[in-house]
Amino acid sequence: MRITVIEHEAEAGLGYLAGWLRLEYDVVRPYLGDEVPERAADGLIVLGGAAAAWEDERSPWQPATRDLLRRAVEESTPTLAVCLGAQLLTMACGGTVERGANGLEVGLREVVALPAAASDRLLSGVGTAVAVQYHEDAITRLPEGAVPLMTGSQYPNQAYRLGEAAWAVQFHPEATPDIFASWTASSDLEGAADLDAEVKAAEDRLTGTWRPVAEAFANVIRDRAAPAPRPR
């Protein structure tokens, strides 16, 4: 069992997920010239990045990534789409992504489970939690048939499920304190040191919440890839 990972930039890698999933993975780096595949392996993860989901001239591999995500949903390939990945999934499947009307959402922010999360295979049990955020674009209309799973005060569409096995999260469950600090260091963000300190102080809370979610996603992949039992 293998996971196809689409990485949009070196500063936005798998982070915590590399150790939490406990499955083999192949990282596709189109910014270095790797070709985005037409189909994923047993699972698919599409990570974040600085480009907007509609900025195909800036990231010319995004149309192929949207095609890959659309096909994964159609074929029920277990998929986890993070931040930019979630926005690409949204656009690929008919939803809307726009420049956020409420400005940059950054740092440690609260996300709240919606009723449907109680029975969701990944997010059941999360309730109210903190998550790392870093985005200024927003999912403003979900794809048809999407099930909203988490919300937040600044931007409401924080997580949803689409089809049988695709999940989109606007936040960054994969982001370690060091990854987050690398993002703020490359910006002119006011109060960056305080934001870094908040994320670092919450490390145990972050790992305690999002590691079980990553493990649940890996279990979805295992279950999908397992051979059907032989009839007796």
Side-chain angles (χ1 to χ4, degrees), residues 3 5 7-23 25 27 45-51 80-87 100-115 117-118 120-139 148-160 167-219:
I3 303 172
V5 178
E7 180 185 280
H8 296 283
E9 56 188 59
E11 295 77 16
L14 276 171
Y16 284 130
L17 296 178
W20 289 349
L21 293 166
R22 297 185 180 180
L23 289 174
Y25 55 84
V27 180
I45 295 174
V46 180
L47 296 167
L80 179 62
V82 175
C83 198
L84 172 59
Q87 296 167 2
N102 298 323
L104 178 68
E105 184 173 33
V106 60
L108 196 71
R109 297 297 179 91
E110 187 176 89
V111 289
V112 180
L114 295 168
D120 184 72
R121 187 152 182 195
L122 264 58
L123 294 171
S124 62
V126 171
T128 298
V130 292
V132 172
Q133 300 273 12
Y134 206 128
H135 69 103
E136 59 180 341
D137 301 331
I139 299 166
L149 297 173
M150 301 201 80
T151 190
S153 60
Q154 188 167 345
Y155 290 106
N157 293 317
Q158 290 292 334
Y160 68 84
W167 286 268
V169 294
Q170 181 59 77
F171 48 88
H172 287 277
E174 86 292 357
T176 66
D178 286 345
I179 286 176
F180 180 76
S182 75
W183 297 341
T184 61
S186 62
S187 72
D188 56 359
L189 192 64
E190 185 177 348
D194 290 338
L195 294 172
D196 293 348
E198 288 177 356
V199 170
K200 178 63 178 177
E203 185 170 13
D204 288 346
R205 295 168 66 193
L206 291 167
T207 58
T209 299
W210 304 117
R211 179 171 186 158
V213 173
E215 292 171 343
F217 178 65
N219 287 335

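Residues take their numbers from the sequence shown, with the count starting at 1.
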Asks: Could you list the residues that satisfy side-chain contact (heavy atoms from CB on, under 4.5 Å) with Pro148, not counting sequence neighbours?
Replies: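 Pro148 satisfies side-chain contact (heavy atoms from CB on, under 4.5 Å) with Leu114, Leu142 once adjacent residues are dropped.
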Asks: Could you measure the distance from the OG atom of Ser153 to the CD atom of Glu105? Nearest 0.5 Å is fine.
Replies: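 Ser153 atom OG to Glu105 atom CD measures 7.0 Å (nearest 0.5 Å).
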Asks: I'd like to check Phe180 versus Thr176 (side-chain heavy atoms, cut-off strictly below 4.5 Å). Are they in contact?
Replies: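 No, too far: nothing below the 4.5 Å cut-off.
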Asks: Drop me the distance from Arg22's CZ to Leu17's CG, to the nearest 0.5 angstrom.
Replies: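 The CG atom of Leu17 is 13.5 Å from CZ of Arg22, to the nearest 0.5 Å.
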Asks: Search all heavy atoms of Gln158 against all heavy atoms of Phe171 and return the closest pair with its distance.
Replies: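 So the minimum-distance heavy-atom pair works out to O-CE2, 3.4 Å.
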Asks: Kindly give the heavy-atom pair with the smallest separation between Pro212 and Gly208, and that separation in Å.
Replies: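 So the minimum-distance heavy-atom pair works out to CD-O, 3.3 Å.
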Asks: How long is the span from the CG atom in Asn219 to the CG atom in Leu122, to the nearest 0.5 Å?
Replies: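 Spacing of CG (Asn219) from CG (Leu122) equals 9.5 Å.
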Asks: Please confirm whether the backbone N or O of Arg121 pairs with a side-chain atom of Ser124, one donor and one acceptor, at under 3.5 Å?
Replies: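 Checked: no pair found.
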Asks: Shortest non-hydrogen contact from Pro173 to Trp20?
Replies: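 Scanning both residues completely, I find the closest heavy atoms to be O-CZ3, 3.7 Å.
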Asks: Answer whether the closest heavy-atom distance between the side chains of Val213 and Trp167 falls below 4.5 Å.
Replies: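 Not in contact.
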Asks: Would you find a donor on one side and an acceptor on the other, under 3.5 Å apart, between the side chain of Thr207 and the backbone of Asp204?
Replies: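 Flag set: sc Thr207 to bb Asp204 pair under 3.5 Å.
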Asks: What heavy-atom pair brings Tyr160 and Ala86 nearest, and what distance separates the two atoms?
Replies: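 Residues Tyr160 and Ala86, closest heavy atoms: OH-O, 3.9 Å.
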Asks: Report yes if the side chains of Leu108 and Leu195 come closer than 4.5 Å at any heavy-atom pair, otherwise no.
Replies: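 Answer no - side chains too far apart.
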Asks: Below 4.5 Å, heavy atoms only, C-beta onward: do Glu174 and Ile45 meet side chain to side chain?
Replies: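 Not touching, per the 4.5 Å side-chain cut-off.
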Asks: Within the 3.5 Å criterion, strictly below it, is a donor on Tyr16 or Glu203 matched to an acceptor on the partner's side chain?
Replies: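 Side chains of Tyr16 and Glu203: pair found under 3.5 Å.
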Asks: Do Gln133 and Glu110 get their side chains close enough for a donor-acceptor pair, meaning under 3.5 Å?
Replies: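 Their side chains do not contain a donor-acceptor pair, so the 3.5 Å distance test is not met.
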Asks: Which heavy atom of Tyr155 sits nearest a heavy atom of Asn102, and at what distance?
Replies: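 Taking Tyr155 first and Asn102 second, the nearest heavy atoms are OH-N, 2.9 Å.
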Asks: Just so I know, are the side chains of Leu123 and Met150 near enough to count as touching, which here means a heavy-atom distance under 4.5 Å?
Replies: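 They are in contact (side-chain heavy atoms under 4.5 Å apart), so the answer is yes.
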Asks: Out of Val111, Val112, Asn157, which residue meets the side chain to side chain contact (heavy atoms under 4.5 Å, CB included) rule with Thr151?
Replies: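 For Thr151, the side chain to side chain contact (heavy atoms under 4.5 Å, CB included) test succeeds with only one of Val111, Val112, Asn157, which is Val112.
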Asks: Can you name the closest pair of heavy atoms from Leu104 and His135 and give their distance?
Replies: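 For Leu104 and His135, the tightest heavy-atom pair comes out as CD1-O, 3.4 Å.
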Asks: For Glu9 and Ala50, indicate whether the former's side chain and the latter's backbone hold a donor-acceptor pair under 3.5 Å.
Replies: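 The answer is yes, because a donor-acceptor pair under 3.5 Å joins these two groups.
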Asks: So, Gln87 and Gln170: side-chain donor and acceptor under 3.5 Å apart, yes or no?
Replies: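 Looking only at side-chain atoms, Gln170 and Gln87 do form a donor-acceptor pair, the distance falling under 3.5 Å.
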Asks: Should His172 and Trp210 be marked as a ring-ring contact (aromatic ring centres under 6.0 Å, His included) after you check the CA-CA gap, both sets of side-chain angles, and the distance that decides it?
Replies: CA-CA 9 Å; His172 287 277; Trp210 304 117; over 10 Å; no
Asks: Check whether any side-chain heavy atom of Val46 lies under 4.5 Å from a side-chain heavy atom of Val5, and answer yes or no.
Replies: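 No - every pair of side-chain heavy atoms lies 4.5 Å or more apart.
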Asks: May I ask you to test the Leu47-Leu84 pair for a side-chain heavy-atom distance under 4.5 Å?
Replies: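 The answer is no; the side chains never approach within 4.5 Å.
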Asks: Can you sort out the partners of Asp194 under side-chain contact (heavy atoms from CB on, under 4.5 Å), two or more places apart, ordered by chain and number?
Replies: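 None.
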Asks: Identify, with sequence neighbours excluded, every residue that meets salt bridge (Lys or Arg N to Asp or Glu O under 4.0 Å) alongside Asp137.
Replies: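 Scan of Asp137 (salt bridge (Lys or Arg N to Asp or Glu O under 4.0 Å), adjacent residues dropped) gives Arg99.
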